[in-house]
Each structure stands twice: as C-alpha cells, then as structure tokens.
Amino acid sequence: MRISSHDHKSPLRTPDGRYIIVRGRLWRSTNPRLAEPERERLVKSLMEARRQVRSKDPQLRADARAAVDAAKRGLGERGPVWWTDGAPDYNRKLARNTPYADWFAAREKEI
C-alpha cells in the first residue's frame with residue numbers, strides 16, 4: 001500500500017494503511033475491503049450514535065455507546081483485525097512504542 005500524502009485535513013496514515021495517527025497515537029483504519037455502500041451505512045450509523053452519546057438520558061447514552069461500538073466493529077476499527085498476514089494489532093499505542101517508530105519519527109520532522 002502507499003503512504004497517503006499528509007495535509008492538515010487528513011490524518012497521517014501508516015505505510016501499510018492499517019492505522020491513522022492522531023497526536024502520535026495509532027488508531028486502526030477502516031477496512032479498505034468494505035464495499036462502499038456498507039462503509040457509508042456504517043459511517044452514517046456511527047455519526048448518529050455519536051450524536052446520541054451526548055444525551056442526558058443514561059439509557060439512551062448506553063444504547064448509543066453500544067451502537068458506536070457496533071459501527072466501529074463493522075468498519076474494522078475495533079474487534080478482530082481486518083488484515084490476514086498475522087501481524088499484531090497496535091491500535092491505541094503510541095507510534096513511538098511500535099514497529100512504526102522510526103517511520104513516524106521521520107514523518108514528524110516533515111510536519
């Protein structure tokens with residue numbers, strides 16, 4: 001996979017496309033093999049659930065958190081990894097503490 005160009009509108013993406021980097025932390029990317037209609041449906045569901053998480057109603061908030069989790073799992077951002085080569089998951093780890101450390105250090109100098 002290719003490295004996405006980095007600008008201030010899109011997050012830095014690891015060379016293998018598995019993660020985006022936000023404030024030095026790796027966050028698992030959406031599964032690139034998802035069909036576009038399915039991805040769009042899940043993103044719409046995620047955005048709706050995120051709006052509901054702000055509810056003052058505890059039950060609605062709990063339901064919304066479960067819906068966020070379900071959408072993120074469907075997108076491949078949580079749960080089992082979407083890649084098939086057996087590589088470990090570094091989701092939520094600081095890039096500097098992962099095998100991406102040298103690559104990330106070089107990118108930080110460019111930013």
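As the structure is a prediction and not an experimental result, all values here were calculated from the model.
Sorted by first and then second residue, the side chain to side chain donor-acceptor pair (under 3.5 Å) pairs involving residues 84-96 (not counting sequence neighbours) are R18-D85, Y19-D89, R28-D89. Evaluation of the ring pair (Phe, Tyr, Trp, His ring centres under 6.0 Å) test over residues 35-78, restricted to residues two or more places apart or in two chains, returns none.
Applying the salt bridge (charged side-chain N to carboxylate O under 4.0 Å, His left out) criterion to R73, with sequence neighbours excluded, gives D69. Listed by chain and residue number, nothing satisfies the salt bridge (charged side-chain N to carboxylate O under 4.0 Å, His left out) test with R25 (two or more places apart in sequence, or in another chain). Qualifying salt bridge (charged side-chain N to carboxylate O under 4.0 Å, His left out) partners for E38, counting only residues two or more places apart in sequence or in other chains: R41.
Here L12 contributes atom CG and W103 contributes atom CH2; the two are 4.0 Å apart, rounded to the nearest 0.5 Å. In this structure, OG1 in T30 is found 9.0 Å from CH2 in W82, a value given to the nearest 0.5 Å. For the atom pair T98 OG1 and L26 CG, the distance stands at 5.0 Å (nearest 0.5 Å).
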Going by atom type alone, with no hydrogens or angles, which donor-acceptor pairs under 3.5 Å involve a side-chain atom of residues 42-57 and a protein atom two or more places apart or on another chain?
residue	atom	partner	partner atom	Å
S55	OG	D57	N	2.9
D57	OD1	Q59	N	2.8
D57	OD1	L60	N	3.0

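The two residues I21 and A95 come nearest to each other via the heavy atoms CD1-CB, 4.4 Å.
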